[in-house]
Visitor: 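Mind looking over this structure? Questions follow.
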Amino acid sequence: MATFQSLPGFREFYPDDLSRRKHIFDLWRRTAHAFGFAEYDAPVLEPLELYKAKSGDEIEAQLFSFTDKGGREVALRPEMTPTVCRLVGARASALKRPIKWFSIAEFYRYERMQKGRGRCFFQFNADIFGEPGPEAEIELIALLTQCLAAFGLTEQDFHVRLSDRNLWFYYLEALGLDEPRIRAVLGAVDRFEKYGDDAFKGYTEQFGELEAGVKAKVLAFLQIKTLAALEATLATLGSEKLVARLADWRKLLAGLEAMGLARFIAVDLGVVRGLAYYTGFVFEAFDRKGELRALAGGGRYDDLVEKLGGPALPAVGFAIGDMTFALLLEQRGLMPAFVQAPDVYCVIGGEAGRRAAFADIHALRAAGHRVDYPMKEVAFGKQFKAAADSGAKLALIYGDDELAKGVVKIRDLTDRTEHEVPRDQAVAAVRDFFSAG
RNA sequence: GCGGUCAUAGCUCAGUUGGUUAGAGCACAAGAUUGUGAAUCUUGGGGUCGCGGGUUCGAGUCCCGUUGGCCGCCCCA
C-alpha cells in the first residue's frame with residue numbers, strides 16, 4: 001500500500017480514464033465550435049471575495065479556501081460563472097455581440113462525496129452575453145441538447161426541463177402574494193418533488209399556513225406540461241407582465257421546435273434552481289429514468305455581471321458536469337474504450353535491423369506518424385503479437401532477409417497482406433498508405 | 001456537519017467455531033518459440049490482510065479507535 005494517497009474526493013486519471021474524459025471533452029468542444037462559441041479559460045485560483053459577492057458569506061464553507069503567502073484570501077474556483085462575468089464585464093464594450101463563449105475546466109468544492117459528485121469535477125460551461133430576448137435561450141438549449149445527443153443519447157435517454165422564475169413571480173404576484181412570500185413559495189416548489197407537502201413547512205413557519213385556494217393553484221401550476229395549459233391558466237389573470245412573458249415562451253418553444261428539438265423539451269415548472277441569481281428562464285437536463293442527479297443546469301442571470309462590478313449586461317448560461325454525464329454514458333453503453341494505437345509498429349531482427357529501422361522510425365515520426373517498436377530484442381513471434389495488440393495498422397519488418405535484399409517488408413495488419421518495398425522508399429510508402437486511407 | 005456500510009495482490013474476489021508458511025482467476029513479466037497475430041503449457045514478480053491499539057498461547061478472522069471508499073441526509077452555485 002502506498003504511503004501517500006490522493007486527497008479525499010480527488011480523482012486520478014490513468015491513461016484509460018483520461019481517454020474517456022478526452023472523448024467527452026473533444027465532443028463537447030467540437031459541438032460548441034459548431035454552434036459558433038469561442039473557447040476561453042481563466043485562473044483556477046480566485047479571490048475568495050468573488051464568490052462571496054455572488055453567493056453570500058455562507059458559501060465559504062463549501063469552498064477550498066485559504067490565505068496565501070501574501071495574506072490574500074483565495075479559493076479554488078467552485079464554478080465558472082463569476083469568473084466569466086468578470087472577463088466579459090471587463091471588456092464588454094469592445095466585444096462583438098452576441099458574445100458566445102464556452103469553457104471546459106476543473107472545479108473544486110469542499111463537499112461530501114456522493115454518486116455523481118466529488119470534490120473536484122469538470123464542467124462544460126456555455127454562456128451568451130448581451131442578448132436579453134429568448135433567442136439566447138434557444139441557442140443555448142439547442143447547444144445543451146446537442147452536447148448530450150452528440151454521444152448517441154436520444155430523447156429516450158434525457159430531457160430538458162424548462163421553467164421560468166419570472167413566470168412564477170408574476171403568477172404569484174397576480175395571486176396576491178408579496179415578495180417575501182413569493183420567495184418562500186418558490187422555496188417550497190423547489191422541494192416539492194422530493195418532500196411533497198412537507199415542502200411547505202418552511203413557508204408555514206415563516207408566514208403561517210398558505211391560504212388553501214392559493215396553494216391549490218400553486219400545485220396545479222406545478223402539474224402544467226404544455227404551453228397551451230400554461231396559456232389557459234394565465235389568460236384569465238389579466239396581467240400585462242404575464243401576457244408579455246407568454247410571448248417569450250411562445251418564441252422560445254417555437255424556436256426549439258423549428259430546430260427539431262421539441263422532443264427533448266419538457267415544460268416543467270417544478271424546476272426553480274435554488275433562489276440564487278437566476279432572473280428568467282431556467283432549465284435542467286435529467287436522465288429520463290430519473291436515477292441520476294441533474295446532468296446539466298442553467299438559466300438567465302441578467303443582473304450578475306453588474307453585481308460583480310461590470311456594466312449592466314444580460315446573460316444566459318448553463319453547465320454540464322462530467323461525473324453524472326459519464327455515469328449515464330456508461331449505463332447506456334455509449335462510452336467507447338479508447339486505446340492509444342500507433343499507426344505503425346516496427347518488427348526488428350538484430351542490431352543491423354535495428355539501425356536500419358531507427359532511420360525510418362525517426363523520419364516517420366518527424367512526418368507526424370505514430371510509430372512504435374520493441375525496445376529490446378524480442379522473438380519475432382512476440383513482436384507480431386505485440387504489433388497486433390498495439391492496434392497499429394501497419395507493421396514494418398526489418399529482418400536479416402529484408403536487409404540482405406535491401407527492402408523493408410510492409411504488412412497490413414488489418415487484412416494480413418504484405419509486400420516489400422526498397423529501403424529508401426519505405427517512408428514514402430507509409431505516407432502514401434495513410435494519405436490514401 | 002450527520003447516518004449506514006465496507007476495506008485481503010494492479011483488478012474481481014475466496015479465506016471454515018480464531019490455528020502455524022494468506023490463496024484463485026484476470027492482468028503483467030520470462031520461457032517453451034530468433035520469421036508472422038486473439039491458443040496452449042511452464043515459471044515468475046507482486047501483500048507489513050487500510051492504519052493504530054486491545055483480547056488471546058496464537059488475530060486476515062473478535063473488540064475499540066482512526067483513515068479512506070461507497071451509499072444516503074444537509075447542501076447543490
Side-chain angles (χ1 to χ4, degrees), chain A residues 1-12 14-17 46 50-56 58-63 75 77-85 107-119 121 123 125 187 190-191 194-195 271-278 282 284 291-294 296-299 301 304 308 317-319 321 323-324 327 345-354 374 376-404 409-418 420:
Chain A
M1 198 57 66
T3 307
F4 296 106
Q5 20 183 308
S6 66
L7 290 166
F10 283 75
R11 295 184 289 170
E12 292 169 311
Y14 283 77
D16 277 354
D17 306 314
E46 291 276 18
L50 180 63
Y51 304 112
K52 285 188 174 176
K54 180 197 162 224
S55 305
E58 323 76 54
I59 193 68
E60 187 170 356
Q62 316 276 346
L63 299 179
R77 63 184 174 198
E79 58 168 326
M80 194 56 106
T81 306
T83 301
V84 71
C85 283
F107 300 94
Y108 306 85
R109 295 179 186 177
Y110 199 87
E111 291 189 286
R112 202 67 170 171
M113 291 163 57
Q114 265 174 72
K115 190 175 185 179
R117 190 169 83 175
R119 285 184 169 182
F121 53 92
Q123 276 186 349
N125 272 262
D190 194 28
R191 297 163 159 272
K194 202 165 187 177
Y195 298 99
V271 174
V272 179
R273 302 234 356 118
L275 291 172
Y277 54 85
Y278 287 105
V282 290
E284 291 187 329
E291 293 170 351
L292 304 170
R293 51 178 61 241
Y301 51 98
L304 195 57
L308 292 175
F318 73 85
M323 293 183 76
T324 299
L327 282 173
Y345 194 92
C346 294
V347 173
I348 299 168
E351 278 309 308
R354 183 164 294 262
K376 284 179 280 190
E377 285 298 316
V378 178
F380 263 61
K382 288 218 165 170
Q383 292 196 52
F384 279 103
K385 182 164 160 34
D389 287 346
S390 76
K393 298 276 189 305
L394 292 183
L396 298 192
I397 299 152
Y398 299 85
D400 291 343
D401 300 349
E402 288 80 9
L403 288 189
K409 191 182 278 180
I410 299 179
R411 181 176 175 85
D412 185 321
L413 290 165
T414 309
D415 63 16
R416 303 192 178 199
T417 60
E418 44 189 41
E420 294 178 344

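In what follows, every chain begins at residue 1, and chains take the letters A, B, ... in the order their sequences are listed. Fair warning: this is a prediction, and the values are worked out from it, not measured in the lab.
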Visitor: With A:Y110, which residues qualify under ring-ring contact (aromatic ring centres under 6.0 Å, His included), at least two apart?
Guide: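 ring-ring contact (aromatic ring centres under 6.0 Å, His included) list for A:Y110, sorted by chain: A:F64.
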Visitor: In terms of side-chain heavy atoms of A:K382, which of B:rU33, B:rG31, B:rA77 is nearest?
Guide: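 The nucleotide sitting nearest to the side chain is B:rG31.
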Visitor: With sequence neighbours excluded, what pairs up with A:F384 under the ring-ring contact (aromatic ring centres under 6.0 Å, His included) test?
Guide: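 Residues passing ring-ring contact (aromatic ring centres under 6.0 Å, His included) with A:F384: none at all.
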Visitor: Looking at residues at least two apart in the chain, or sitting in another chain, which of them share a salt bridge (Lys or Arg N to Asp or Glu O under 4.0 Å) with A:D389?
Guide: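 Applying salt bridge (Lys or Arg N to Asp or Glu O under 4.0 Å) to A:D389 gives A:K385.
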Visitor: Rounding to the closest angstrom, what is the interatomic distance between B:rC26 and B:rG65 at atom C1'?
Guide: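 Between the two C1' atoms, the distance is 36 Å.
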Visitor: B:rA39 and B:rA29: how far apart are their P atoms, nearest whole angstrom?
Guide: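 These two P atoms come out 14 Å apart once rounded.
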Visitor: Distances under 3.5 Å between protein N/O atoms and the N/O atoms of nucleotides 70-72 of chain B, please, pair by pair.
Guide:
| from | atom 1 | to | atom 2 | distance (Å) |
| --- | --- | --- | --- | --- |
| B:rC71 | OP2 | A:K115 | N | 3.2 |
| B:rG72 | OP2 | A:K115 | N | 3.3 |

Visitor: On RNA chain B, does the nearest nucleotide to A:I59 precede the nearest nucleotide to A:F10 from the 5' side, or the other way round? Give the residue.
Guide: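 So the residue in question is A:F10.
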Visitor: Does A:R273 make a side-chain donor-acceptor contact with the base of B:rA77, cut-off 3.5 Å?
Guide: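 Not at all, since no donor on one side and acceptor on the other fall under 3.5 Å apart.
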Visitor: What integer number of Å spans the C1' atoms of B:rC57 and B:rC41?
Guide: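 Straight-line distance between the two C1' atoms is 45 Å.
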Visitor: Shorter than 3.5 Å, N or O on both sides, protein versus nucleotides 36-38 of chain B: list them out with atom names.
Guide:
| from | atom 1 | to | atom 2 | distance (Å) |
| --- | --- | --- | --- | --- |
| B:rU36 | O2 | A:R411 | NE | 3.3 |
| B:rU36 | O2 | A:R411 | NH1 | 3.1 |
| B:rU36 | N3 | A:E418 | OE1 | 3.2 |
| B:rU36 | N3 | A:E418 | OE2 | 3.3 |
| B:rU36 | O4 | A:K409 | NZ | 2.7 |
| B:rU36 | O4 | A:E418 | OE2 | 3.0 |
| B:rG37 | O2' | A:R416 | NH2 | 3.4 |
| B:rG37 | N7 | A:R411 | NE | 3.4 |
| B:rG37 | N7 | A:R411 | NH2 | 2.8 |
| B:rG37 | O6 | A:R411 | NE | 2.8 |
| B:rG37 | O6 | A:R411 | NH2 | 3.1 |
| B:rG37 | N1 | A:L413 | O | 2.7 |
| B:rG37 | N2 | A:L413 | O | 3.3 |

Visitor: Identify all stems in which RNA chain B takes part, counting only runs of at least 3 consecutive pairs (Watson-Crick or G-U wobble, each distance under 3.5 Å), and give each as one range with another, ordered by first number.
Guide: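 So far as stems of 3 or more pairs are concerned, RNA chain B shows B:1-7 with B:67-73, B:10-13 with B:23-26, B:28-32 with B:40-44, B:50-54 with B:62-66.
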Visitor: Rounding to an integer number of Å, can you tell me how far A:M323 CE sits from B:rG69 P?
Guide: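 Between P of B:rG69 and CE of A:M323: 11 Å.
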